[in-house]
There are 2 protein chains.
Amino acid sequence: MPTQSSQPATIASPAAEDVTRVAVSTVIFTLRRTDAADCPALALPLVRRTRDPYDDRWALPGGWLDITESLDAAAARTLGETTGLAPSYLEQLYAFGAVDRSPTRVVSIVYWALLRPDDASAGLRDQDGYDPENVAWFAVDDLPHLAFDHNEIIDYALWRLRNKVGYSRIAHGLLADEFTLADLREVYESILGRRLDPANFRRQVEGSGTLLPTDRFRTGNHRPARLYRYNHEVALADLGPLARRSPRRSPS
Amino acid sequence: MPTQSSQPATIASPAAEDVTRVAVSTVIFTLRRTDAADCPALALPLVRRTRDPYDDRWALPGGWLDITESLDAAAARTLGETTGLAPSYLEQLYAFGAVDRSPTRVVSIVYWALLRPDDASAGLRDQDGYDPENVAWFAVDDLPHLAFDHNEIIDYALWRLRNKVGYSRIAHGLLADEFTLADLREVYESILGRRLDPANFRRQVEGSGTLLPTDRFRTGNHRPARLYRYNHEVALADLGPLARRSPRRSPS
DNA sequence: GCAAAAGTGTTATGTATACACCCATGA
DNA sequence: TCATGGGTGTATACATAACACTTTTGC
């Protein structure tokens with residue numbers, strides 16, 4: 001299920017019709033402020049297809065698995081090639097392999113990723129080698145009808161994100177290096193879709209030991225708020241025994 | 001990473017060396033009573049390989065993905081062909097795709113499964129089409145050095161099982177149709193590796209609404225214990241949006 | 001001063017845990 | 001009758017939630 005918009009067919013992709021090919025796609029979440037809205041909303045980048053099947057339809061960024069690269073590497077590479085983005089968090093989501101999900105037989109290893117807001121704009125501007133015309137951001141609650149089974153894949157990724165934010169610390173993957181507790185709370189509120197008590201939220205997150213207070217404050221309209229950074233001593237998310245094999249670090 | 005012990009090469013498996021092939025394997029857990037041990041222990045069936053690579057080494061049951069079947073179907077099929085077993089619970093675990101995990105490039109979609117004790121013995125006896133000589137059960141804490149990266153895969157499956165038993169009701173997948181609360185508690189104790197308070201366990205599980213009391217009792221050495229059955233109205237595990245597409249039922 | 005967000009304190013409620021205790025059966 | 005596991009009751013600790021309250025800034 002390749003979605004390399006307009007770039008030439010670089011990677012060796014067996015064209016045979018009687019073989020199962022392996023593709024890698026990624027659902028990339030970030031938070032975007034919509035104008036005149038109180039709360040930022042989850043958004044993701046999609047790539048417009050420029051060939052059949054599903055020509056001209058929006059799809060998840062992705063591409064074929066190269067025979068010389070691991071699945072993780074393929075996810076990061078295809079993501080960069082199609083959108084120019086480098087996520088702060090990347091984790092395998094699920095392998096989709098229904099027979100009829102594509103005209104030819106394709107098994108897609110799908111990843112899901114988190115992006116810091118500053119990385120989101122940077123990626124789409126600075127990089128080259130991809131086609132910015134055919135990359136666009138969509139709010140997750142206002143998606144078009146996508147190619148393949150990508151709508152269902154995004155539904156599943158959203159479910160995983162909302163689940164994981166409850167027992168893990170991945171919300172930091174959506175924030176810049178320094179942030180206030182209100183910033184962090186806003187991330188949780190956007191993902192979970194409900195308001196959280198500022199007082200209780202503070203105690204919970206302070207007691208977890210995942211935050212390091214700085215000496216800096218963000219000044220604004222009201223009382224200055226202390227800036228925190230993430231404590232990298234504690235893992236962003238417990239991936240189990242897999243994490244020990246390929247430790248993943250945020251690029252900062 | 002096929003492990004079809006001695007059966008002929010039935011499935012079309014592209015022999016080309018410059019192509020990525022897709023295999024499906026399954027980690028099947030069940031509980032087995034070891035003699036003179038107070039608590040049953042987790043065990044899983046392995047298949048002895050009868051060809052290179054890793055000839056004569058034990059490996060997870062599995063086989064090549066057929067081009068006409070879904071991943072789920074391939075997991076169930078290869079499982080039956082190699083071991084004659086039909087699990088009560090089957091869920092995708094992870095896709096393993098390191099470049100060097102096999103001499104040729106193989107991406108393995110790994111499933112994990114639970115088996116009722118009565119199914120465990122039945123499977124290995126009654127079915128045919130597989131080679132019982134090359135299938136054996138091993139305790140999870142006493143595994144040999146396996147083929148490929150299968151030791152790491154089992155570690156990860158164990159981690160997932162122990163995690164999931166905490167927030168899901170999958171323990172029923174390891175029990176017969178009717179069971180006492182002590183049976184169920186024993187399952188939890190075996191998986192988690194620690195004793196649980198019988199009184200608190202009873203209240204917790206009774207309050208969850210997942211059990212239906214029957215009129216029958218198991219009589220034994222002491223006071224008879226009420227038999228329960230699982231309430232199929234509530235899902236065995238919340239698989240998210242994926243469950244709605246392919247509902248999985250226990251064979252009973 | 002006033003509004004609004006930062007930050008602290010207090011209390012109610014629910015859940016997990018520990019453990020005392022009674023019940024019912026086989027031997 | 002006694003040992004043992006089945007089953008009930010209850011006190012304690014801990015996490016969560018609700019909310020009153022003080023602090024600090026911009027306007």
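Owing to the predicted nature of the structure, the values given are computational and were not obtained by experimental measurement. Just so we're on the same page: letters track the sequence lines, and every chain starts at 1.
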Interatomic distance, A:L115 atom CG to A:T83 atom OG1 [nearest 0.5 angstrom] = 8.0 Å
Where the side chain of [X] meets the backbone of [Y], is there a donor-acceptor pair that is under 3.5 Å apart?
X      : Y      : value
A:N151 : A:L146 : yes
B:R195 : B:E189 : no
B:H150 : B:A59  : no
B:Q92  : A:A95  : yes
A:S108 : A:F96  : no

Mind running a 4.0 Å heavy-atom check of residues 216-231 of chain A against DNA chain C and sending the residues that fall below it, in number order?
-> A:H222, A:R223, A:P224, A:A225, A:R226
Residues within residues 185-197 of chain B bordering DNA chain C, heavy-atom distance below 4.0 Å = B:D197
Name each donor-acceptor pair under 3.5 Å that joins a side chain in residues 164-176 of chain A to protein atoms two or more places apart or in another chain, with its distance.
{"unit_1": "A:K164", "atom_1": "NZ", "unit_2": "A:E91", "atom_2": "OE1", "d": "3.0"}
{"unit_1": "A:K164", "atom_1": "NZ", "unit_2": "A:E91", "atom_2": "OE2", "d": "3.1"}
{"unit_1": "A:S168", "atom_1": "OG", "unit_2": "A:L236", "atom_2": "O", "d": "3.0"}

Which ranges of DNA chain D pair up as stems, where a stem means three or more consecutive Watson-Crick or G-U pairs with both distances under 3.5 Å?
-> C:1-27 with D:1-27
Side chain to side chain donor-acceptor pair (under 3.5 Å) with A:R218: which residues, sequence neighbours excluded?
-> A:D183
Taken in chain and number order and not counting sequence neighbours, the residues that satisfy ring pair (Phe, Tyr, Trp, His ring centres under 6.0 Å) with A:Y188 are A:F201
Output all residues satisfying ring pair (Phe, Tyr, Trp, His ring centres under 6.0 Å) with A:F138, sequence neighbours left out; order by chain, then residue number.
-> A:W58
Could you tell me which non-hydrogen atom of A:S70 sits nearest to which non-hydrogen atom of B:A98, and how far apart they are?
-> CB-CA, 4.3 Å
Could you list where the contact with chain A starts and ends along DNA chain D, reading 5' to 3', using a 4.0 Å heavy-atom cut-off?
-> D:dA17 to D:dG26
For [X], give me all partners under side chain to side chain contact (heavy atoms under 4.5 Å, CB included), at least two apart in sequence or on another chain.
X      : value
B:R203 : B:A199, B:N200
B:P198 : B:R185
A:P224 : A:F217

Would you mind telling me which of B:Y111, B:W112, B:Y230 makes a ring pair (Phe, Tyr, Trp, His ring centres under 6.0 Å) with B:Y89?
-> B:W112
The correct set of residues in residues 203-215 of chain A placing a heavy atom under 4.0 Å from DNA chain D is A:R203
Give B:A182 one of three labels, base, sugar-phosphate or nothing, depending on what nucleic acid heavy atoms sit under 4.0 Å from its own.
-> sugar-phosphate
